[in-house]
Amino acid sequence: MELALSIVIVLIFLGLLVRVFLFPKKKLPGEGPLSQSYRLILAAQADFYSQLSPAQKLEFENSMQLFLARVKITGINTSVEDIDRVLIAASAIIPIFAFPGWEYPDLNEVLVYPDYFNESFAQKGPERDTMGLVGSGPFQGIMILSKKQLRDDFENKTGKGNTALHEFVHLVDK
């Protein structure tokens, strides 16, 4: 009887080892810590984040990770760099930070244009004065942001005007 019990225990132990090493638990998108490079960008660029307690910073970072895992960020005639991803995700989290678990259910993608664009989405030519917008109609689920304006707004430490924040607040309104 003791031999049978010992064999069962050994088999269970071997089964657990096989499970752990051959089939490790897969991380869910957005699970795990924010990279150090992203944290450095946040600390340098986002005053809101810099003023949070360590526990709040971790919560903010986790919310950013989930946002970045769920929402696609695509450059149109421009590359999307880490700084752009961080600033867009921070802009998304700041308006909803006081509401844990809240997400942007109708946002699937953020398009990043290199500079201002016009109401026809043209990136060259006259009357390009649009810095960002939330899509409607055929553009439902899409936000468009000017990369230049995104970066300029976070460089502006006066706190006056931030197009990306403004567009995310529109989504909260919806």
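Scope of the values below: all heavy atoms of this structure, side chains included, with no hydrogens, waters or symmetry mates.
Hydrophobic clustering (ILVMFWY, side-chain heavy atoms < 4.5 Å, transitive): Leu40 and Leu58 are in distinct clusters. Both Ile73 and Ile93 are assigned to one and the same hydrophobic cluster, defined by single-linkage of ILVMFWY side chains at heavy-atom distances under 4.5 Å. No single ILVMFWY cluster, assembled from side-chain heavy atoms under 4.5 Å apart, contains both Val169 and Trp102. Criterion: ILVMFWY side-chain heavy atoms under 4.5 Å apart, direct or through other members. Under it, Phe154 and Ile83 are part of a common hydrophobic cluster.
Between the CG atom of Asp84 and the CG atom of Leu150 there is a distance of 6.0 Å, given to the nearest 0.5 Å. Expressed to the nearest 0.5 Å, how far CG of Asp152 lies from CG of Asn162 amounts to 10.5 Å. The NZ atom of Lys147 sits 3.0 Å away from the OG1 atom of Thr78 when rounded to the nearest 0.5 Å.
A donor-acceptor pair is defined here as one N or O able to donate and one able to accept, closer than 3.5 Å; such a pair exists between the side chain of Asp153 and the backbone of Thr163. When atom types are taken as modelled, the side chain of Arg85 and the backbone of Leu68 share no donor-acceptor pair closer than 3.5 angstrom. Proximity of a side-chain donor or acceptor of Ser146 to a complementary backbone N or O of Tyr113 within less than 3.5 Å is not detected. The main-chain N or O of Gln56 is never found under 3.5 Å from a side-chain atom of Glu59 such that the two would form a donor-acceptor pair. For Lys72 (side chain) and Leu111 (main-chain N/O), no donor-acceptor pair under 3.5 Å exists by modelled atom type.
Leu165 is listed as a side-chain neighbour of Pro95, based on a closest heavy-atom distance under 4.5 Å. Proximity of Glu167 to Ser91: side-chain heavy atoms (C-beta onward) are nowhere separated by under 4.5 Å.
With sequence neighbours left out, the ring pair (Phe, Tyr, Trp, His ring centres under 6.0 Å) criterion links Tyr38 to no other residue. Partners of Tyr104 under the side-chain hydrogen bond (donor to acceptor under 3.5 Å, both in side chains) rule, at least two apart in sequence or in another chain, do not exist in this structure.
Glu155 and Gln45 share a donor-acceptor pair across their side chains, judged by distance under 3.5 Å alone.
What you find for Val86 and Leu42 is that their closest heavy atoms are CG1-CG, 3.8 Å. Considering all non-hydrogen atoms of both residues, Met64 and Ala89 come closest at CE-CB, 3.8 Å. The two residues Leu107 and Ile142 come nearest to each other via the heavy atoms CD1-C, 4.1 Å.
Note on residues 94-111: pairs passing salt bridge (Lys or Arg N to Asp or Glu O under 4.0 Å), not counting sequence neighbours, are Arg70-Glu103.
In this structure, Phe60 and Tyr49 have tilted ring planes: the angle between them lies in the 30° to 60° band.
With Val112 as reference, Ile88 is the one residue of Thr74, Ile76, Ile88 to meet the side chain to side chain contact (heavy atoms under 4.5 Å, CB included) rule.
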